[in-house]
Every structure is written in structure tokens, then in C-alpha cells.
Novice: 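Below you'll find the structure I mean.
Atoms considered below: every heavy atom in the structure, side chains included; atoms not considered: hydrogens, waters and symmetry mates.
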Amino acid sequence: MEKNETIKSVMFLLAGALLQLSTGFGNTWEITLMALFGIILFIVGLMKLKKGIDAKGQSAATILLVGMIIGLVGALLFMIPLVGIVGRVFFIIAFVLELIGYLLLGGSQTIGASGKSGTLLLLGAMVIGVIVSILGWVPIIGEIIGALLSLVAIILIFFGWLKIMDGLMESK
């Protein structure tokens, strides 16, 4: 039963990660709520994943969990006028923690070789996210290139988590 719960956790993580990206489709309150729901799903998935992986993976999941909670606080602060700048600081801290968490997750034996390659895809998606943020400052061309790169990031996230799920199924 534990294996099923661990594999199910990846579905929460995948759904949460993809919903978080919904903020790239606009800035309405509905989209913000979808992104917040995505963060909550991601947190639930991390808590489930922690129970079914080795100690190294648990450390990585804990760091990812802290990063996501800081990101959630940042998102809530970002919605408050004049306090949004503080939310950006929280986002930066969350990003660094998530980067470290994914790097450490790649060292988990529980996710196997396939899962390790999945963490590389997730890291690539994070790097693309930074590039898209920077391109957001460039009028017109930045938006076009940013949209294409965002699509690539979505694909990397999708296949990254699927590879981690494959690694979990292989290793148990």
C-alpha cells in the first residue's frame, strides 16, 4: 500500500506544479486561486512523497516543502497592494530552496536512475522559468519567446515528474 501512496503523491505533485504555472495565463483572481490551489496540492504531494522515500529523499522533500510554504506566503503577500515587493523576496528565497531540494532529490536511491533524470528535467524547467521572468521585461519579442519557453517548461515539468514516478515504480 505504501508504494501506491508514494506513486499517488507524484500525481499530486504533477497537478500542483502545472496549476502553479497557470499564473502565466493572466493575472485575474481566478488564476491566482488556481495557482494557490496548485501550491496546496504540491505541498500535500510532498508530504505524501516523504513517507515513501529514503532519508536523502526525505531531506530533499523537506527542503522543497519549506520552499513551497515560503512561496505560498510570498504569493499571499504579493496580492496585497504595497506589500507585493516583500512577496518577491519570498519568491526568490523559495526558488533557491526549491533548486536545492531538486538537486538533493536527484541523490535519492528510491527514485532510481529514471527519477534522477526527471530531477534534471525539473531543474531545466526552473532555469527556463528564470529566463522567462527576465524576458518579461522585453516588450513584444520577450512575450513571444517567453510564451514558447513557458510551453517548454510545462513539458519538462510533466515529463520530469513522470520520470520520477517511473523511478519509484522501478525501485520498489
Novice: Just wondering, more than 12 heavy atoms not from Phe159 lying within 6.0 Å of its CZ?
Specialist: no
Novice: Would a single hydrophobic cluster contain both Ile92 and Met68, if residues Ile, Leu, Val, Met, Phe, Trp and Tyr are joined by side-chain heavy-atom contacts under 4.5 Å?
Specialist: no
Novice: Atom CE of residue position Met11 - does it have more than 12 heavy atoms of other residues, nucleotides or ligands inside 6.0 Å?
Specialist: no
Novice: Looking at Ile53, is its backbone amide N or carbonyl O close enough to the side chain of Gln58 to form a donor-acceptor pair, meaning the two atoms are under 3.5 Å apart?
Specialist: yes
Novice: Got a second to check how far Leu149's CG is from Leu135's CG, nearest 0.5 Å?
Specialist: 6.5 Å
Novice: If we check side-chain contact (heavy atoms from CB on, under 4.5 Å) with Leu77, which of these qualifies: Leu72, Val89, Val86?
Specialist: Val86
Novice: What are the two closest non-hydrogen atoms of Ala15 and Leu41, and how far apart are they?
Specialist: CB-CD1, 4.1 Å
Novice: Working to the nearest 0.5 Å, report the span between NZ of Lys163 and CG of Leu168.
Specialist: 13.5 Å
Novice: For Ile80, does the CD1 atom have more than 12 heavy-atom neighbours from other residues, nucleotides or ligands under 6.0 Å away?
Specialist: yes
Novice: CD1 of Ile145 to CD1 of Ile140: how many Å apart, nearest 0.5 Å?
Specialist: 12.0 Å
Novice: Look only at the side chain of Ser59 and the backbone of Ala55, and say whether a donor-acceptor pair between them is shorter than 3.5 Å.
Specialist: yes
Novice: Ignoring hydrogens and angles, tell me if any N or O in the side chain of Thr110 forms a donor-acceptor pair with the backbone of Asp54 under 3.5 Å.
Specialist: yes
Novice: What pair of heavy atoms forms the shortest contact from Lys48 to Ser9, and how long is it?
Specialist: CB-CB, 3.4 Å
Novice: In Å, rounded to the nearest 0.5 Å, how long is the span from CG of Leu156 to CH2 of Trp161?
Specialist: 13.5 Å
